[in-house]
> 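Pasting a structure below so you can have a look.
We name chains A, B, ... by the order of the sequence lines, and we start the count at 1 in each one.
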Amino acid sequence: MVVREKILDMVIDCFKRHGAKRLDTPAFELKEMLTEKYGEDSGLIYDLKDQGGELLSLRYDLTVPFARYLAMNKVKRMKRYQVGKVWRRESPTIVQGRYREFCQCDFDIAGQFDPMIPDAECLKIMCEVLSGLQLGDFLIKVNDRRILDGILAVCAVPQSKFHAICSSIDKLDKIPWKDVRHEMVAKKGLAPEVADRIGDYVQRHGGVSLVEEMFQDSRLSQNKQALEGLGDLRLLFEYLTLFGIAEKISFDLSLARGLDYYTGVIYEAVLLQTPAQAEECLSVGSVAAGGRYDGLVGVFDPKGHTVPCVGLSIGVERIFAILEERMKTAGLKIRTTETQVFVATPQKNFLHERLKLISELWDAGIKAELLYKNNPKLLTQLHYCEHMGIPLVVIIGEQELKEGVIKLRSVASREEVAIKRENLVAEIQKKLSES
Amino acid sequence: MAERAALEELVRLQGERVRGLKQQKASAEQIEEEVAKLLKLKAQLGPDEGKQKFVLKTPKGTRDYSPRQMAVREKVFDVIISCFKRHGAEVIDTPVFELKETLTGKYGEDSKLIYDLKDQGGELLSLRYDLTVPFARYLAMNKLTNIKRYHIAKVYRRDNPAMTRGRYREFYQCDFDIAGQFDPMIPDAECLEIMCEILRSLQIGDFLVKVNDRRILDGMFAICGVPDSKFRTICSSVDKLDKVSWEEVKNEMVGEKGLAPEVADHIGDYVQQHGGISLVEQLLQDPELSQNKQALEGLGDLKLLFEYLTLFGIADKISFDLSLARGLDYYTGVIYEAVLLQTPVQAGEEPLGVGSVAAGGRYDGLVGMFDPKGRKVPCVGLSIGVERIFSIVEQRLEATEEKVRTTETQVLVASAQKKLLEERLKLVSELWNAGIKAELLYKKNPKLLNQLQYCEEAGIPLVAIIGEQELKDGVIKLRSVASREEVDVPREDLVEEIKRRTSQPLCIC
């Protein structure tokens, strides 16, 4: 949990740095809100039992609830983040960090603005988060729904097969082209020449120069949609260069991404593994993703008014798994509490003194604990401190009480010093601020 | 078209009639009849046209938390979590749903309020009803014999929501519990200390913590002659004494629950009493109660508890109240409830009782219900009723007109002239890289006035203005939104200057 909390804190810090407001929505929505938003994945939604009231389902992501919120409250502009659990009835593969209940961290910008500025900020945020978490080297693949659709059109893929072909293309990051081609031809009934033409495009990736090349492509430049997409990507790369992150971005024509509601730019961040990490097999897959989805709010709005949106989602579960594994390997000990001072005594019948003293410490805002024993042994108390990583101990004894002093001991160095009772709080605060 | 509109109106009215009947709990036949009429009317409308078949809303009894509400929530959680940490608690989290069988049989009558998940071919699941049963399951499952933990999360109850009165079906609980076999009453005393610290720090007004003990209640009922079978139901009547008069409670016990009047009177002699440690002493001397072993145990523990609370300096906030009975079945020893003494403007019925903002107690038998060998782990804990506290804090902020910021942005990067987007993008990126919270408008050529207005609305204290002349001179104009003072800062010193200004305690920028 402590690792989790640190990671979430860092992600949230980044979202706040970019001026996002926080939103929270219920764990479940009316079933009809979620129906038909997730395409093939709809079968993976958890439904609540019909207990005589409204039909409900657990939220599958944080994006659809966000669109529902915007439509419901007639909000035209919003920059929001949301951190919360979502639920999917997938086959859980815990090794890869894929659970049925997991946490998502979403950041989205809704509103009609000048093109590609918010989109660029989303990519900047992804870079800041991934760098800040020190996960190692990463790459962000970028593509555009319109370019994909354009490619399929100029290659003469029948409209009815677009979706199926897209999902094949998306597998290119995991399996070689020849297998993908085979799937398209043998399983999805695509003509071999068409598949080959697709292959000429989707195996390509590069920087802004690839964007320029595609502009010059004789077939693609005839397609209006593709041109729109390429134009936006060109502008995006300009802004990413000004943000200083262009070298982390790869225009990758094989990026297709599952969800139906994307309408423009789409992106996915992957960790670049060292050979050692490849062994871990935790680093496989993406750690963050997102894109532009201009039509989703319109599906909820009674009059069909839409609000353009662009956003990203950080795959924190996968990140937890990677960082936890790393900490284990490095043998790093993590404290699970933040206790600063332990109140101890070697003497019997000193419970009352301990209770009085600890109450003083709590009142001064100091994080302190004591053992719930009337007469604990000093050794047991010191062991507890070492085990929990508590840095300081105050020891009350008979003699010291008569002289009006308390012993303050550093657990690490075992050095002890006698402090006057009335100076104790100040002395502790000083020691804590020094470390 | 008009015909259709009229028909739609009839459907709407009929729908409301049906809803009204259901609310009034009218007879099943009546409801059925009206529902049949509704369906007939709907059928006349013909097949559904248009996109919209649903009403745009959150499920009944749930709500979105807007950014403003989230800001309040964050403030409250910060106070609570900081207190839990001060007392050395670790944090855990559990899934939102549990196996249905884990929750079955733990909540008595309230079990019908549990949300079940649909049987979709896998395990049968239910949404958690509280955080205590999952905690006990966690302890038993991991064979833990001691832990001090806090858990803040939402729980789910298919109650009758009264959202204007802060009663929801999905709501937050903040729990702190100490599990383990320890010397008596020390952890119990710490729980009460924590409750007091939190309520003081939240500054929501004066409060009182009522304390009682299950064994004293049981002992009292025994000597008054309450039949075993009626214990629970008489408990729930007695618990109403904080809301209604003794006469009404007595009527309920005698009139509705079949208790003999003399027995009721005898109970009345006890349960209308409340006081400090002197009441504990008094009852220890009570000729009847002191004959009852259970009651004596409870009284002995309360006496010890008061000793410790005095050492903690909070005994004046604690009231031994014999009418405190509290709903949940699993309590076995001390029980407590904190109430606010001045009820704020919107008084009303709350999930935990009138003005109640926190509660808890000792429950020594719960973990044993999960452990395969029935091994027990004694537990004591508390739950903070945060939803109520959120609304009180929100009201207070509204009353004092204190502005609550929904973002933490420190600087807006603005441009005074056209065609400076590139410069803004470069500058804002520098600020982000230095960890400064900054924004810019998503417009290529925004007007300066609009940018300044944005700052005022969002409460952003500083603006970094890029202008053509300033670019040539290598400076940025740094402007304080509040004072409107501007100063030219060399580009390379800007980050330093912003950090300096924003680190000052009251952020007098």
Side-chain angles (χ1 to χ4, degrees), chain A residues 1 5 16-30 32-33 46-51 53-54 56 68-69 71-72 80 85 87 89 101 109 111 113-114 117-118 124 128 239 242-244 300 302 304 336-339 351-352 355-356 359 362 365-369 372-374, chain B residues 51-54 56-60 62-67 70 74 85-93 95-96 115-120 122 154 156 158 170 178 180 182-183 186-187 189 193 197 308 311-313 406-409 421-422 425-426 429 432 435-439 442-444:
Chain A
M1 273 304 289
E5 297 222 319
K16 284 181 171 179
R17 196 178 314 130
H18 289 257
K21 305 181 188 201
R22 191 164 178 176
L23 183 68
D24 195 14
T25 63
F28 40 66
E29 298 273 343
L30 296 180
E32 52 214 26
M33 296 290 173
Y46 274 103
D47 289 330
L48 265 69
K49 183 169 162 187
D50 182 352
Q51 288 169 291
E54 298 164 327
L56 308 168
R68 191 265 306 142
Y69 175 88
M72 193 171 129
R80 83 95 182 75
K85 301 254 178 88
W87 295 273
R89 289 178 58 244
E101 171 186 83
I109 300 170
F113 300 114
D114 287 344
I117 312 177
K124 174 82 174 113
E128 280 176 28
Y239 297 156
L242 291 165
F243 280 158
F300 289 104
T336 53
T337 64
E338 296 183 11
T339 309
L351 175 62
H352 283 210
L355 292 176
K356 259 198 288 187
S359 183
W362 287 332
I366 295 171
K367 299 173 202 176
E369 288 187 75
Y372 300 122
K373 284 205 95 47
N374 294 339
Chain B
K51 274 184 199 179
Q52 274 269 323
K53 295 185 221 176
F54 52 80
L56 209 49
K57 63 189 272 297
T58 51
K60 184 170 167 186
T62 69
R63 57 174 170 151
D64 297 319
Y65 285 82
S66 70
M70 288 303 293
E74 224 159 292
K85 285 182 170 179
R86 197 179 311 130
H87 288 256
E90 303 176 295
V91 64
I92 69 163
D93 196 15
V96 81
Y115 275 102
D116 291 327
L117 265 69
K118 183 171 165 185
D119 183 352
Q120 287 169 294
K154 290 191 189 161
Y156 301 86
R158 286 184 67 244
E170 174 192 58
I178 299 169
F182 301 115
D183 287 341
I186 313 176
E193 165 66 19
E197 272 177 43
Y308 298 158
L311 291 165
F312 280 160
T406 52
T407 63
E408 298 182 11
T409 309
L421 175 62
E422 269 190 38
L425 291 176
K426 265 196 284 187
S429 185
W432 288 332
I436 293 172
K437 300 175 197 167
E439 289 186 72
Y442 300 123
K443 283 204 92 52
K444 287 200 279 238

> List the atom of B:Thr58, the atom of B:Arg63, and the distance in Å for their closest heavy-atom pair.
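Heavy atoms only, the tightest pair is OG1-CA, 4.0 Å.
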> Look at B:Lys437, B:Arg158, B:His87 and state which one has the largest set of heavy-atom pairs under 4.5 Å with chain A.
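When all of B:Lys437, B:Arg158, B:His87 are compared, B:His87 has the most.
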> Can you tell which of A:Leu56, A:Thr339, A:Leu355, A:Asp50 has the highest number of heavy-atom pairs within less than 4.5 Å of chain B?
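If we count pairs closer than 4.5 Å to chain B, A:Leu355 comes out on top.
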> How long is the gap from OH on B:Tyr442 to CD1 on A:Ile117, to the nearest 0.5 Å?
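Answer rounded to 0.5 Å: 9.0 Å.
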> For the residue pair A:Ile366 and B:Arg86, what are the closest heavy atoms and their distance?
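That would be O-CG, 3.1 Å.
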> Could you have a look at B:Glu74, B:Glu197, B:Lys85, B:Glu193 and say which one has the most heavy-atom pairs with chain A under 4.5 angstrom?
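Top option by heavy-atom pairs under 4.5 Å: B:Lys85.
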> Measuring heavy-atom distances to chain B, does A:Ala71 have an atom under 4.5 Å in its side chain, in its backbone, in both, or in neither?
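Both backbone and side chain of A:Ala71 come within 4.5 Å of chain B.
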> At a heavy-atom separation under 4.5 Å, does A:Lys356 approach chain B through its side chain, its backbone, both, or neither?
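Both parts, backbone and side chain.
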> Below 4.0 angstrom, N of the basic side chain to O of the carboxylate: do B:Lys426 and B:Glu422 qualify?
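Salt bridge: no.
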> Does any heavy atom of chain A fall under 4.5 Å from the side chain of B:Leu421, the backbone, both, or neither of them?
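Side chain of B:Leu421 only, per the 4.5 Å heavy-atom cut-off to chain A.
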> Can you tell which part of A:Ile109 gets under 4.5 Å to a heavy atom of chain B, answering side chain, backbone, both or neither?
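Answer is side chain: those atoms of A:Ile109 sit under 4.5 Å from chain B.
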> Checking heavy atoms, do the side chain of A:Lys85, its backbone, both or neither come under 4.5 Å from chain B?
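Looking at A:Lys85, just its side chain touches chain B.
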> If you measure only the distance, is there a donor-acceptor pair under 3.5 Å linking the side chains of B:Glu170 and B:Thr62?
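There is no such pair between these side chains.
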> Would you mind telling me which of B:Gly435, B:Gly180, B:Ala189 has the largest number of heavy-atom pairs within less than 4.5 Å of chain A?
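Ranked by contacts with chain A, first place is B:Gly435.
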> Measure distances from A:Gln51 to the heavy atoms of chain B and classify the residue's part below 4.5 Å as side chain, backbone, both or neither.
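For A:Gln51, heavy atoms of backbone and side chain both lie under 4.5 Å from chain B.
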> Which heavy-atom pair separates A:Ala20 from A:Arg80 by the least distance, and what is that distance?
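In terms of heavy atoms, the two residues are closest at CB-C, 4.1 Å.
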> Identify which of A:Leu351, A:Asp47, A:Thr25 forms the greatest number of heavy-atom pairs closer than 4.5 Å to chain B.
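Ranked by contacts with chain B, first place is A:Asp47.
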> Could you pull out the closest heavy-atom pair between B:Pro187 and B:Phe182, with the gap in Å?
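Shortest heavy-atom contact: CG-CD1, 4.1 Å.
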> Please flag which part of B:Lys154 lies under 4.5 Å from any non-hydrogen atom of chain A: side chain, backbone, both or neither.
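The side chain, not the backbone.
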> Closest approach of B:Ala438 and B:Trp432, non-hydrogen atoms and distance?
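Answer, listing the atom of B:Ala438 first, then B:Trp432: O-NE1, 2.9 Å.
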> Mind ranking B:Leu117, B:Asp93, B:Asp183 by heavy-atom pairs under 4.5 Å with chain A and telling me who comes out on top?
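The answer is B:Asp183.
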> Kindly compute the distance separating CD (A:Glu54) from NZ (B:Lys60), expressed to the nearest 0.5 Å.
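The CD atom of A:Glu54 sits 7.0 Å away from the NZ atom of B:Lys60.
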